[in-house]
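Okay, so here's the structure we're looking at.
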Amino acid sequence: QVQLVESGGGLVQAGGSLRLSCAASGRTFSRNAMGWFRQAPGKEREFVAAISWSGGSTYYADSVKGRFTISRDNAKNTVYLQMNSLKPEDTAVYYCAAEETSYYSAYLSNLKYEYNSWGQGTQVTVSS
């Protein structure tokens, strides 16, 4: 199972930007789709973005489309989430996740139960 560690969260004003990183350990990282989810206080964990094993395909929640960009560097075993034009409603703990049941798949999921490994999360707070 891959181990995931997120970083890059913090406090930012509305309209600002942050870049989250997720460092993965494990030999299978480059074969797996990866996702970002977030969870605000009192709410369910929700899908943010996903990226295929090669980085060639991406998938975004409507709420972040056009503002957030997911990318990956397989040589560094790292996936990123660039967040621009941040809004107070983006405030949440952000988690990266690995989908490890299939390799080299073009399928991208927005369902949290289809992801097998999770990081510990990083807090993002956007002030108005």
Side-chain angles (χ1 to χ4, degrees):
Q1 217 174 22
V2 65
Q3 307 286 324
L4 303 171
V5 179
E6 302 96 335
S7 61
L11 173 64
V12 65
Q13 288 190 327
S17 298
L18 281 175
R19 188 195 198 201
L20 305 184
S21 298
C22 174
S25 63
R27 294 175 295 171
T28 64
F29 172 80
S30 63
R31 309 180 220 174
N32 300 127
M34 298 291 295
W36 284 96
F37 288 75
R38 65 186 182 187
Q39 188 166 16
K43 294 190 176 181
E44 294 279 326
R45 191 170 297 190
E46 65 174 8
F47 171 75
V48 175
I51 189 166
S52 62
W53 65 275
S54 66
S57 297
T58 57
Y59 177 25
Y60 295 94
D62 288 344
S63 59
V64 306
K65 203 173 294 182
R67 299 188 298 122
F68 291 11
T69 302
I70 188 171
S71 61
R72 67 190 296 163
D73 185 337
N74 285 344
K76 295 182 179 179
N77 272 21
T78 302
V79 63
Y80 304 98
L81 186 68
Q82 177 67 43
M83 305 186 295
N84 299 330
S85 302
L86 282 161
K87 305 175 181 179
E89 51 263 44
D90 295 318
T91 295
V93 177
Y94 283 71
Y95 299 89
C96 71
E99 193 281 297
E100 296 181 271
T101 56
S102 57
Y103 295 158
Y104 305 120
S105 173
Y107 172 68
L108 295 177
S109 175
N110 64 348
L111 302 173
K112 52 184 179 289
Y113 67 81
E114 292 193 327
Y115 290 82
N116 316 95
S117 296
W118 293 82
Q120 82 290 346
T122 185
Q123 176 70 48
V124 171
T125 303
V126 184
S127 63
S128 57

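Of all heavy-atom pairs between A40 and A92, the closest is N-CB, 3.8 Å. The nearest pair of heavy atoms linking S52 to S105 is CB-O, 4.3 Å. Shown here for R72 and S54, the closest heavy-atom pair between the two residues is CD-C, 4.4 Å.
Side chains of Y107 and E99: a donor-acceptor N/O pair is absent below 3.5 angstrom, by distance only.
Taken from CG in L4 to SG in C22, the straight-line distance is 4.5 Å, to the nearest 0.5 Å. Rounded to the nearest 0.5 angstrom, L20 CG and Y80 OH are separated by 12.0 Å. The OH atom of Y59 sits 8.5 Å away from atom CG of L108, with the distance rounded to the nearest 0.5 Å. Here the straight-line distance linking atom OG of S30 with atom NZ of K76 works out to 15.5 Å at 0.5 Å rounding.
Of the possible polar contacts, one joining the N116 side chain to the E100 backbone as a donor-acceptor pair under 3.5 Å is found. Remark: side-chain polar atoms of Y60 are paired, donor with acceptor, to backbone N or O of I70 under 3.5 angstrom. Looking only at distances, no side-chain donor or acceptor of N84 sits under 3.5 Å from a matching main-chain atom of S17. With N77 contributing its side chain and A24 its backbone, the two residues share a donor-acceptor pair below 3.5 Å. Panel note: side chain E6, backbone Q120; a donor-acceptor pair is recorded below 3.5 Å. With hydrogens and angles ignored, the 3.5 Å screen pairs a side-chain donor or acceptor of T91 with a backbone N or O of V126. Between the R45 side chain and the V93 main chain, no donor and acceptor come within less than 3.5 Å of each other.
Taking the six-membered ring for Trp and thresholds of 30 and 60 degrees, F37 and Y115 have ring planes more than 60 degrees apart, a perpendicular arrangement. Under the 30°/60° scheme for interplanar angles, the aromatic rings of W53 and Y104 are found to stand perpendicular.
Residues passing the side chain to side chain donor-acceptor pair (under 3.5 Å) test with S85: none are found, sequence neighbours excluded. Residues satisfying the salt bridge (charged side-chain N to carboxylate O under 4.0 Å, His left out) test with K65, not counting sequence neighbours, are D62.
More than 12 heavy atoms of other residues, nucleotides or ligands sit less than 6.0 Å from atom CD of E46.
The shortest distance between side-chain heavy atoms of Y95 and K112 does not fall below 4.5 Å.
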